[in-house]
Number of protein chains: 2
Amino acid sequence: MVDNESNYSASNYRTPDGAPTDIVIFTIISKDRNTRKKSLPTRELNVMLIQRKIWPYESMWALPGGFTLETETVYACAARELKEETGVANVHLEYFNVYSELGRDPRGWIISHAFLALVDEDELAHRKADVDASDVRLFPVHEALAMDLAFDHKRILEDALHEIRKKMLTTTIAKEFLPEEFTIGELYQVIQTVVPEFAEQNFIRKITSTRSRKGIIEEVLNPDGTLKGSNRFSQRAAQLYRFTEVEPQLSIYS
Amino acid sequence: MVDNESNYSASNYRTPDGAPTDIVIFTIISKDRNTRKKSLPTRELNVMLIQRKIWPYESMWALPGGFTLETETVYACAARELKEETGVANVHLEYFNVYSELGRDPRGWIISHAFLALVDEDELAHRKADVDASDVRLFPVHEALAMDLAFDHKRILEDALHEIRKKMLTTTIAKEFLPEEFTIGELYQVIQTVVPEFAEQNFIRKITSTRSRKGIIEEVLNPDGTLKGSNRFSQRAAQLYRFTEVEPQLSIYS
DNA sequence: TGAATAGTGTCTATTAGACAATATGAC
DNA sequence: GTCATATTGTCTAATAGACACTATTCA
């Protein structure tokens, strides 16, 4: 450590024993419903947990993460741990809070940085080969919340859930859980999966034809210029949409 | 440091040299306009800076802050430094980001936690007695942004400004810059001071009588039940309002 | 009387909100 | 013909957006 001034006060004090990251990885798992006709799948919000092998909290389930190295930023650490522990790369990864309560980690004075990762379930499909599946698992969020997690990870998970719910309604992060091209029905389902109380009778009209929201998503066209549809979830083909670059600005005053 | 397991990996690595906090303290300064009749003041968003006395960045202006102690959370550290360095207590104080870029601090591997403090100018009035005014000063935000600040504090200030602008429009933080009871004109001015591009022709009607926003503020009544007005800024008395507990929920989808 | 802010009237276009109705196409 | 989703019609009430207008008070 550089310390070429006698009055540099921090050098007289204890320094932290580590600045790890904890990563709350959310994904939405779809299951076919086995109806007689084509239908939308059921969707469920899941969170990835890892079973600890060592002290402290040995054998308990915890959020993935690890200690930041002196050669990287906390964001780089989160990205590295995400790749190492779950095999996932190039996904939405976002810092959301710090946890520094005294005694939160029996290993010492450890200030943890919590990240939110949003992963499409297809990304996790190839993952399975990379990583031993026995100690890394997806849990439905309501199950994870009922578990006894290591450290203060239950609190972190609760905070992450609150954050993702807010962002689902105020930003376009829904796109992280959807393919490039999707139907209005899929988008609606994704929103409802994260925010169960969301309901909007005339959803399709609001999202496609009110002036203030127009531009968030746009219709996908075929090469020949006609509207592109999909009949993956229905007999009648549904219009496909994609998100644009537009990020809507919200205000309580206008 | 507790380390009773040989395979506790962090113990093999270097640990951070400190986890300080940096506090971006915003206030709005009002100045009377000296018009012939009563009038609204001009308002300007200011930020509090402190002139460094020691290495590194000696004599440069910087954000107030300091190192977190092992006996406190980062939030407690920010609150303590705020009190110690500026004499301000019991104000809105909110965590907003972490800064961990390599080489951001010549003293070593130092991960900083940035807070946003919102202070009413009246709070700062009594402060002046407590603290030596020569090395703690308020700067108009546009001036501060043009200065050469210590560390990465310019970047932190820019991020803080972005954050406060977003929150001004999406939450009720305007109340931090207003007295308990205020007029619509004052509220409108506060919003415009932080977000200059804000303009809303029928502001009074929207904020007081549209269903979705009704409840954010409420009229103040006199003890006898009549509407309470104020003629501090105008000949014609203006209705006084106060913020309620209601926090509006925004959504891009409805 | 006019400066300076406070607040209302009025008109049109757009949006919200609630339901009903129709469209599509494979099984 | 039926199922399951997709999409449009229709009606009323509420809100947006733009401007003009009136109200208040006191120096």
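Letters go in sequence order (proteins before strands), and every chain restarts at 1.
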Quiz item: Rounding to a whole Å, what distance do you find between B:Q201:CD and C:dA6:P?
Solution: 16 Å

Quiz item: Is the phosphate of C:dT5, meaning OP1 or OP2, less than 4.0 Å from a side-chain N or O of B:R33?
Solution: yes

Practice problem: Could you say whether B:F233 or A:R213 is positioned toward the 5' end of DNA chain C, judged by the nucleotide with the nearest heavy atom to each? | Solution: B:F233

Quiz prompt | Residues A:E186, A:R232; criterion salt bridge (charged side-chain N to carboxylate O under 4.0 Å, His left out); working and verdict | solution = CA-CA 11 Å; A:E186 286 181 282; A:R232 195 152 80 96; 3.7 Å; yes

Quiz item: Once you round it to whole Å, what is the distance between P of C:dG7 and CG of B:L40?
Solution: 11 Å

Quiz item: Heavy atoms under 4.0 Å, any strand shown: does B:R211 hit a base, just sugar-phosphate, or nothing?
Solution: sugar-phosphate

Quiz prompt | Of A:R236 and B:A238, the one whose closest DNA chain C nucleotide lies more 5' | solution = B:A238

Quiz prompt | Euclidean distance, atom CD of residue A:E200 to atom C1' of D:dA6 [Å, nearest integer] | solution = 17 Å

Quiz item: So what does B:N202 touch, heavy atoms closer than 4.0 Å: a base, only the sugar-phosphate, or nothing?
Solution: base

Exercise. Describe the nucleic acid contact of B:I184 in one word from base, sugar-phosphate, nothing, applying a heavy-atom distance below 4.0 Å.
Key: nothing

Quiz item: Under 4.0 Å: is that the gap between some side-chain N or O of A:R232 and OP1 or OP2 of C:dG25?
Solution: no

Exercise. Classify the side-chain pair B:S30/B:E121 by whether it contains a donor and acceptor separated by less than 3.5 Å.
Key: yes

Exercise. Return the nearest nucleotide to the side chain of A:T210; candidates are D:dT25, C:dA6, C:dT15.
Key: C:dT15

Quiz item: Ring centroid separation for B:Y188 and B:F198, is it under 6.0 angstrom?
Solution: yes

Quiz item: For B:F203 and D:dA16, what is the distance between atoms CZ and P respectively, to the nearest whole Å?
Solution: 13 Å

Quiz prompt | Length of the line joining A:I207:CD1 and D:dA6:C1', which is rounded to integer Å | solution = 16 Å

Quiz item: Does a side-chain N or O from A:R205 land closer than 4.0 Å to OP1 or OP2 of D:dT10, or not?
Solution: no

Quiz item: Separation of A:K38 atom NZ from C:dA23 atom C1', in whole Å?
Solution: 16 Å

Quiz item: Over how many whole Å does the gap from A:Q235 atom CD to C:dA26 atom P extend?
Solution: 7 Å

Quiz item: Counting only side-chain N and O atoms of A:K206, is one of them less than 4.0 Å from OP1 or OP2 of C:dG17?
Solution: yes

Practice problem: Taking only Lys NZ, Arg NE, NH1 and NH2, and the carboxylate oxygens of Asp or Glu, determine whether A:K167 and A:E94 approach each other closer than 4.0 Å. | Solution: yes

Quiz item: Taking atom P of C:dA6 as reference, at what distance in whole Å does atom CD of B:E219 sit?
Solution: 15 Å

Quiz item: Checking A:K38 against A:F233: charged group under 6.0 Å from the ring centre and within 45 degrees of the axis?
Solution: no

